[in-house]
Amino acid sequence: MFRTRFAPSPTGYMHIGNLRTALYAYLIARQADGKFILRIEDTDQNRNVPEAVQAIYNGLKLAGIEYDEGPDKDGGFGPYVQSQRLPIYAEYAQKILDSGHAYYCFCQKEDKPALEETGERVQGYRDPCRSLSEEEARVKFAQGIVPVVRQRIPEGTSTFYDHVYGEITIDNSQLDDQVLLKSDGFPTYNFANVVDDHLMAITHVIRGQEYLTSTPKYNLLYEAFGWNRPEYIHLPHIIREDGGKLSKRAGDPSFEDLVRMGYLPQAIVNYVALLGWNPGDEREFFLLADLVEAFDMNRINKSNAAFSFDKLRWLNGEHIRALDPEGFHNFALPYYPQSLTGFDLRQLSALIQIRTENLTDIPGLVGFFAELPEYEADLFVHQKSKSTLESSRMVLEAVLPIFDALDEWNNESLFAVLKTFANKAGFKVGTVMWPIRTALSGQETSPGGATELAALLGKEETLRRISLGLEKLG
RNA sequence: GCUCCUAUGGUCUAGUGGUUAGGACGCGGCCCUUUCAAGGCUAAAACCCGGGUUCGAGUCCCGGUAGGAGCACCA
């Protein structure tokens, strides 16, 4: 039975990278008919954003990623919030202390050599407290110093297999005696993730590549406890197109931000899945359910991938076009201007669906329906349609009574009547259509042609706009 | 600084010793057409560098270079 987990810390929003990690973990579990677990990693008391857990629920829900077990969905392996598991960590810390794989450290933060500031890492530095006798420790305790618990890293080298990166070997001298239990009684990620993953029977650990070099430390912990290691799937990072890292602070959008920017959740999920993975054939359009089928963790890439808004936009367009008319209409509705009344909005949706790449395009696409923009007469001149000011004047003048007499007002009837007129008058269809479309839209381009716009605007408004066009033509 | 990882067009990628190096986004052109889209066709554009191994390397090995990550009482 596969069991994977998504273990975010509650920061208040879903990073793009987190979304992909959650997605992959979900896909790996689903396609094996396994379980996908949500666990909240809130062991940093300084970094707890209230309401942030709710943001995680919302994000996953928006993405369509359903978890089988989580804080609000007990599966018998809870609690699923680390701050509620403190006694468990204390118990296992004691065990590892007893077995000698960890020790109390009474050093204060300032006592530590400043490794990074100087740029000089002290090779093989070992904490002085690792060799403290029981007696010495007792004295420190008596002095009221609250210790941390540190892992005792043994000599040697550590090797493990990762499904993405293959075999990784690291010399233990590169690993330091990391803190397992902080002085506030909370575990560090380094300890909690191992204890929880084991206790929650996680079989596959999917996480960012930043954990690759510390994985040996976790493996040593598994060994110290006599537990089996999980399988590892470390993911390359998603970066910006300019090569920098994606950061909320630098203005890069979160998953929720992207949705607000007009991208469909399913398009974002699809796009993000493709950042570092491909199906092995040339498909690119995937709905979540298709991803479950197609995903293969052995096809995950090793190198970082840049997030391209251009490609996301294209894929978003693909997803918009794949929506059924009703589905698109529901997405589009909130983007229609208030002033857009008296129109068959469903028909309008049908007109713009194929032309919408991003939902935020919509107001700009439909604005002229609500109000005819100002435009100059020379907009009637269009070489390709063989439309001139003179031809436009002739067409609009002739078309006014034809429209006025037309009883059946729809795209087909309008097109038929205009085509007949064009033939009779010796015009190309385009020469007739261009001035009408221009008069109706006041724009160089519009979603839909002359007859589609006329059908939607209705007879009265159509006649009004054509008259207005005629005025401009003098 | 030390360690680990990575390296195919601008970007996402296919490729597991023999290919005209394939696809997608974007960009240009053409077709279609009731403007614009959509759709179809098409062009330009890539194997980081240097050594090996081999009859033959984008593919294997070594060394550079470049980029990323880690080295917290953060996750």
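Note that these values count all heavy atoms, side chains included, but never hydrogens, waters or copies made by symmetry. Letters A, B, ... are given to chains in the order of the sequence lines, protein chains preceding strands, and every chain is numbered from 1.
Stacking annotation: A/Phe186 is not stacked on the base of B/rC73 (requires ring centroids less than 5.5 angstrom apart and an interplanar angle below 30 degrees).
Atom-to-atom, CZ of A/Arg207 to C1' of B/rG70 comes out at 13 Å; the value is rounded to the nearest Å. B/rC73 atom P lies 16 Å from atom OH of A/Tyr189, rounded to whole Å.
Rounded to whole Å, the separation between the P atoms of B/rA45 and B/rA57 comes to 25 Å. Distance check on atom P: B/rG1 versus B/rG51 gives 27 Å, rounded to whole Å. For the P atoms, the distance linking B/rU33 with B/rA14 amounts to 39 Å, nearest Å.
In this structure, CZ on A/Arg240 lies 6.5 Å from OG on A/Ser247, to the nearest 0.5 angstrom.
Neither OP1 nor OP2 of B/rC71 sits under 4.0 Å from any side-chain N or O of A/Lys217. When the side-chain nitrogen and oxygen atoms of A/Arg299 are compared with OP1 and OP2 of B/rG15, one or more of them lie within a distance under 4.0 Å.
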Between the protein and nucleotides 7-10 of chain B, are there any N/O to N/O pairs under 3.5 Å, and if so, what are the atom names and distances?
none

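When distances run from any side-chain atom of A/Gln174 to the nucleotides B/rG26, B/rU13, B/rU3, the shortest one goes to B/rU3. Relative to the side chain of A/Arg355, the nucleotides B/rG39, B/rU35, B/rC4 differ in distance, and B/rU35 lies closest. Distance from the side chain of A/Leu275 is smallest to B/rC12 among B/rU33, B/rC73, B/rC12.
Counting non-hydrogen atoms under 4.0 angstrom, A/Thr188 reaches the backbone sugars and phosphates but no base.
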List the atom pairs, donor and acceptor, that lie under 3.5 Å between side-chain atoms in residues 418-436 of chain A and the rest of the protein, sequence neighbours left out.
{"residue": "A/Thr420", "atom": "OG1", "partner": "A/Ala416", "partner atom": "O", "Å": "2.8"}
{"residue": "A/Asn423", "atom": "ND2", "partner": "A/Lys419", "partner atom": "O", "Å": "3.4"}
{"residue": "A/Thr431", "atom": "OG1", "partner": "A/Ser385", "partner atom": "O", "Å": "2.6"}
{"residue": "A/Trp434", "atom": "NE1", "partner": "A/Leu379", "partner atom": "O", "Å": "3.1"}
{"residue": "A/Trp434", "atom": "NE1", "partner": "A/Phe380", "partner atom": "O", "Å": "3.3"}
{"residue": "A/Trp434", "atom": "NE1", "partner": "A/Thr438", "partner atom": "OG1", "Å": "3.3"}

